[in-house]
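Please read the structure below before turning to the comments.
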Amino acid sequence: MINLMVNGKPREAEDDINLEKYLATFDVNLRFVAVGYNGEVIKKENFSGITLSNGDALEIVRPVGGG
Amino acid sequence: MINLMVNGKPREAEDDINLEKYLATFDVNLRFVAVGYNGEVIKKENFSGITLSNGDALEIVRPVGGG
Amino acid sequence: MINLMVNGKPREAEDDINLEKYLATFDVNLRFVAVGYNGEVIKKENFSGITLSNGDALEIVRPVGGG
Amino acid sequence: MINLMVNGKPREAEDDINLEKYLATFDVNLRFVAVGYNGEVIKKENFSGITLSNGDALEIVRPVGGG
Amino acid sequence: MSDDLVIAGKHFTSRLIVGTGRYRSMEDQVEALEASGTQMVTVAIRRLDLDNPNEKTILDYIDPDKYNILPNTAGCQTVEEALFVARLGREVTGTDFVKLEVIPDPKYLFPDPAATLEAAEKLVNDGFVVMPYIHADPVLAKRLEDVGCATVMPLGSAIGSGQGIHTVEEVRIIIEQANVPVVVDAGLAVPSDASKALELGAEAVLVNTAIAQAENPGLMGEAFKNGVEAGRKAYLAGRIPVRAYAQASSPTADVPQPASARS
Amino acid sequence: MSDDLVIAGKHFTSRLIVGTGRYRSMEDQVEALEASGTQMVTVAIRRLDLDNPNEKTILDYIDPDKYNILPNTAGCQTVEEALFVARLGREVTGTDFVKLEVIPDPKYLFPDPAATLEAAEKLVNDGFVVMPYIHADPVLAKRLEDVGCATVMPLGSAIGSGQGIHTVEEVRIIIEQANVPVVVDAGLAVPSDASKALELGAEAVLVNTAIAQAENPGLMGEAFKNGVEAGRKAYLAGRIPVRAYAQASSPTADVPQPASARS
Amino acid sequence: MSDDLVIAGKHFTSRLIVGTGRYRSMEDQVEALEASGTQMVTVAIRRLDLDNPNEKTILDYIDPDKYNILPNTAGCQTVEEALFVARLGREVTGTDFVKLEVIPDPKYLFPDPAATLEAAEKLVNDGFVVMPYIHADPVLAKRLEDVGCATVMPLGSAIGSGQGIHTVEEVRIIIEQANVPVVVDAGLAVPSDASKALELGAEAVLVNTAIAQAENPGLMGEAFKNGVEAGRKAYLAGRIPVRAYAQASSPTADVPQPASARS
Amino acid sequence: MSDDLVIAGKHFTSRLIVGTGRYRSMEDQVEALEASGTQMVTVAIRRLDLDNPNEKTILDYIDPDKYNILPNTAGCQTVEEALFVARLGREVTGTDFVKLEVIPDPKYLFPDPAATLEAAEKLVNDGFVVMPYIHADPVLAKRLEDVGCATVMPLGSAIGSGQGIHTVEEVRIIIEQANVPVVVDAGLAVPSDASKALELGAEAVLVNTAIAQAENPGLMGEAFKNGVEAGRKAYLAGRIPVRAYAQASSPTADVPQPASARS
């Protein structure tokens with residue numbers, strides 16, 4: 001297992017899991033969602049190409065009402 | 001002849017003429033016109049009943065643009 | 001006895017008492033004081049000349065702080 | 001002779017002249033005066049140590065009324 | 001939602017009263033009145049030119065089915081003059097409505113409070129629906145209401161000055177105390193002035209020079225129509241309070257972090 | 001008359017940008033956006049709730065055919081955070097437009113001028129259409145324009161404060177000097193605020209709290225729609241000048257006299 | 001330079017009139033009056049407490065050699081009451097000066113213009129030196145001057161409200177038209193309010209609550225003394241005009257250059 | 001009561017800083033500085049006229065025992081120019097104090113916020129006591145304080161414009177957040193402007209054109225001296241709060257009645 005920081009909170013994940021699979025574990029509807037990976041914004045088509053490692057930081061975001 | 005003050009200016013008129021006839025001498029279109037006779041406002045239907053005398057003051061007025 | 005209205009309140013006084021004597025009954029210091037008698041302002045020198053009658057209204061006033 | 005830019009205008013000066021001597025040629029009262037030499041501010045005590053060369057830029061300034 | 005302006009029992013869907021003075025042409029005026037959506041227009045009463053007694057009058061250009069006529073007493077400096085001109089105006093126009101002006105001051109055209117009060121009371125007793133033009137004096141406004149005026153018309157600033165509403169605080173108090181419609185009159189230059197008056201709770205505004213002398217009177221008339229509607233709707237919609245500090249319009253929590261420094 | 005607002009080549013017929021924060025309900029918001037006639041709405045970017053990853057988002061309530069989305073960087077206190085959130089917002093919404101906010105101050109939510117300038121330049125170079133939220137500082141506005149911002153968005157007063165436009169003089173100067181659209185943002189409380197901004201020559205306004213927190217958001221949205229139209233039309237129609245003295249709106253000559261004293 | 005304030009032939013070197021109401025203690029009042037440098041103080045007239053007929057009165061604390069007494073008619077709601085109280089005040093104080101107040105409105109304490117005018121005329125005819133408290137209505141001010149008032153005293157804002165001068169434009173016009181001293185009264189909260197009034201050309205101000213209710217009345221009295229002097233001197237010194245653009249206060253030429261790029 | 005203004009450990013009893021530009025004559029200036037009671041005067045640094053290298057300078061007219069010299073960087077448009085002129089000024093005057101101005105805009109002479117911040121930090125690191133001239137931007141003020149500026153000097157309005165203080169709300173916030181003295185600079189026209197700034201809690205004001213270009217500079221200098229004293233004392237004395245309604249300054253009970261109707 002690896003330790004990640006996801007949306008500011010520590011979480012565990014399986015070794016060698018890629019970002020696409022990891023997101024799938026949350027059953028996230030990816031429409032209107034974006035992901036920051038260690039401070040970089042990752043395009044959806046590249047999710048599968050990113051293998052998560054211990055200590056990675058993810059920001060999984062969506063739009064909310066704001067002015 | 002009698003002397004009248006009409007709209008602030010001296011004018012002459014025949015003796016014993018009534019208001020209706022006097023106004024007719026100007027060929028005034030009476031629609032939208034009112035008449036002050038010595039400071040009193042006279043209704044159209046009473047014009048014929050008013051005989052002008054020397055020194056009478058008439059104000060013959062109509063509406064204009066204003067705020 | 002007569003009935004007076006003094007500073008808005010009913011009071012009794014002896015018959016035929018004059019204003020000077022009546023004020024004396026209160027031991028008022030007349031400096032900075034003025035008197036209204038039935039709506040008229042009375043000069044000090046005339047106090048003795050005014051005999052109070054039943055129903056008279058007196059206003060006995062002095063200066064206070066004001067803007 | 002060398003060519004200088006002094007207060008934004010071209011001027012000539014003798015070869016190898018130092019700053020102190022050059023200023024003396026203007027008979028400048030050095031009280032309330034400061035000098036910029038190629039963008040650096042030079043302290044009075046160092047004037048004699050600076051030998052002017054061709055193309056040097058001098059700013060000789062004094063205080064004026066201002067807000 | 002029915003939200004009529006009611007003056008002396010008469011209903012109006014438009015809260016914009018428009019003056020008919022100072023247009024560059026009758027075409028400008030007709031276009032501007034139309035665009036403004038107004039239902040009440042003011043006219044002045046003046047001596048007929050006896051050398052040209054049949055020229056068209058302003059009323060020949062105003063459709064009586066579209067616009068109510070509000071004759072004024074502009075130009076009157078005394079109570080006597082105002083009463084006389086008001087009565088002439090009623091005879092000319094056939095309406096009991098009158099915009100009462102008693103103005104001794106030619107420089108700022110400010111009204112005389114005591115003379116206006118005296119004339120108003122006499123006209124009310126003579127059956128007029130009196131709409132007095134006044135300084136934004138809350139006590140005067142109250143007294144005019146007490147003698148039976150149908151509205152009060154406090155001024156924003158000098159007539160035709162285009163200075164807008166200098167008297168916001170006083171107008172606010174007049175509105176707070178009034179039981180008759182408050183109509184802000186004079187000085188309005190732009191629709192935001194009209195909108196502001198209605199946001200404060202004024203029931204209507206009267207505009208003349210701002211429309212008549214605009215570069216494009218028709219478009220400015222339309223602008224004031226929109227501004228008056230905006231102001232009235234805002235008044236009904238209930239504005240937010242004024243706060244000393246900011247209040248975030250976006251959530252303050254859960255902001256994404258480039259590195260998870262903040263959590 | 002075609003009179004579009006054009007930002008980075010994109011045309012808008014509405015000059016009212018509306019925020020989507022602080023509505024009491026989605027129904028309120030949908031009604032208010034509709035009534036406001038807006039074509040551009042702002043959204044914020046926040047962390048997804050991983051315990052509830054499928055809840056509807058704000059964009060599920062906003063018809064993309066009707067409204068352009070303007071993601072903001074609200075909540076960001078540094079250049080780095082603003083760049084990151086701007087890029088996340090682009091990924092979420094698919095638009096290059098961004099409302100740039102770099103706000104270190106939690107009490108008044110005033111933006112950081114130097115950090116905003118730095119972030120703006122980087123985002124422009126990264127292909128964004130940058131609309132920076134700034135203090136009404138004419139020199140800052142000019143520099144933001146010089147680095148390629150698509151608009152400048154000077155504040156009227158503190159976000160959500162409802163204080164209106166304290167910065168009229170500065171906004172007037174920003175407009176005078178700008179070659180990009182000036183959008184007045186923050187503090188607007190009533191349509192007269194919006195109308196005033198457009199009368200001065202602002203190209204648009206951004207409103208959120210004034211509509212969202214009104215007692216009746218739908219009606220207030222409509223009120224702002226009218227106010228913005230009023231202000232723009234007045235700007236185009238050419239307002240009257242301000243004068244020190246009055247100018248009579250009724251003729252001063254030929255006033256009828258009760259006795260012919262005056263002639 | 002002799003620059004006295006002259007009211008009805010009486011000369012004053014101080015242009016600050018101070019009220020004697022609402023001090024927390026007589027000590028506060030004595031100190032504040034002293035510090036203010038005033039030469040005229042107002043007093044009210046009230047019923048004597050017959051159960052305590054010998055208590056000291058306000059006048060026992062005011063040195064008649066230092067301060068002129070200005071009795072007021074505060075509390076009067078009608079002409080009749082004002083006349084009666086004015087006459088009582090004259091009897092009490094021995095002065096013909098009177099500050100006339102006819103105030104039917106308890107909430108804002110705004111004066112009645114018509115009743116004030118009527119009372120003023122009667123008091124003038126009765127030999128009083130009348131200083132009427134009025135709304136800032138230029139026409140009313142003129143009429144009060146015409147009936148013989150010694151000054152006019154337009155209000156800045158509601159008595160004791162501390163709102164300052166809302167009526168700057170109207171006060172400016174009153175001053176422009178007046179032939180008697182204009183004394184701005186009511187609402188002043190800070191010395192800048194007083195200074196501003198005198199800069200406009202007001203001849204004096206009347207201040208009460210701002211001094212009496214300050215945390216430190218003595219120091220505030222001194223502050224108003226300075227503010228009034230500042231305003232009067234500025235009026236006499238001739239202020240600079242307002243300009244739309246900047247004017248450099250330092251020379252724009254001959255700026256030293258780090259490299260001689262600019263010459 | 002000791003109540004000094006302290007800047008970088010230096011004590012001043014006067015809170016009025018005066019500029020030395022734009023006087024009609026040296027006599028005017030000497031008289032005005034004397035009358036103003038100032039202890040700090042600004043000077044600009046300019047190229048010497050080499051054709052007249054011995055003419056008297058401004059400092060030959062200013063008594064160094066009476067006045068501290070504050071050299072400015074007026075005329076500088078870039079960071080580089082400002083650093084250079086600041087250093088020249090230090091060499092000329094022997095003081096580390098500098099009024100920092102980085103102004104690219106010739107029309108309104110508004111300062112560049114980012115360039116001012118950059119120059120301020122460099123000058124602080126070079127040992128200067130930096131007093132930056134800035135737009136009234138609370139965040140910028142805070143950042144300048146954070147890099148070590150000795151004061152912040154927010155503008156009231158454009159230099160020399162005489163428009164007074166447009167930025168009251170922003171200045172109020174800057175004062176609320178500042179840990180260094182806030183000096184309001186630019187645009188002040190009359191002593192009430194200065195007084196108002198100090199009433200808000202500003203520690204000092206800088207005035208030039210208003211004094212130098214007054215009809216009578218000496219008297220105006222004295223007027224500003226009084227105004228600044230008034231404002232500071234009022235700040236210390238604790239002003240009354242603003243209230244929505246009136247508060248009677250005379251007792252409301254026991255009003256004498258002509259007839260005892262009311263009791």
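So you know, we letter chains A, B, ... as the sequences are listed, proteins then strands, and number each from 1. Note that the structure is a prediction, hence the values are computed from the model and not measured.
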Legend entry - Nearest heavy-atom neighbours spanning C:Val64 and G:Arg46: CG2-CG, 3.5 Å
Legend entry - Minimum-distance pair of heavy atoms, taken over all atoms of C:Ala34 and G:Val92: CB-CG2, 3.4 Å
Would you mind telling me which of [options] has the largest number of heavy-atom pairs within less than 4.5 Å of chain C?
options: G:Gly19, G:Gly89, G:Pro53; answer: G:Pro53
options: G:Leu50, G:Asn208, G:Leu70, G:Val85; answer: G:Leu50
options: G:Leu88, G:Ile62, G:Val43; answer: G:Leu88
options: G:Ile159, G:Ile45, G:Thr20; answer: G:Thr20

Legend entry - C:Asp16 atom CG, over 12 foreign heavy atoms within 6.0 Å: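 Atom CG in C:Asp16 is not packed in, count stays at 12 or less.
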Legend entry - Under 4.5 Å from any heavy atom of chain C - which part of G:Asp60: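 For G:Asp60, the contact with chain C is made by backbone and side chain together.
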Legend entry - Interface moiety of G:Glu101 toward chain C, non-hydrogen atoms closer than 4.5 Å: side chain
Roughly how far, to the nearest 0.5 Å, is [atom2] of [Y] from [atom1] of [X]?
X: G:Thr57; Y: C:Phe32; atom1: OG1; atom2: CZ; value: 5.0 Å
X: G:Asn52; Y: C:Phe26; atom1: CG; atom2: CZ; value: 13.0 Å
X: C:Arg62; Y: G:Leu59; atom1: CZ; atom2: CG; value: 11.0 Å

Inset, instruction - Determine yes or no for a side-chain-to-main-chain donor-acceptor pair under 3.5 angstrom, with G:Asn54 supplying the side chain and C:Asn29 the backbone. - result: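 Between the backbone of C:Asn29 and the side chain of G:Asn54 there is a qualifying donor-acceptor contact (under 3.5 Å).
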Legend entry - Main-chain N/O of G:Asp49 paired with C:Asn7 side-chain donor or acceptor, under 3.5 Å: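 Side chain of C:Asn7 to backbone of G:Asp49: no pair is present.
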Inset, instruction - Anything in residues 40-49 of chain C with a heavy-atom distance to chain G below 4.5 Å? Please list those residues in order. - result: C:Glu40, C:Val41, C:Ile42, C:Lys43, C:Lys44
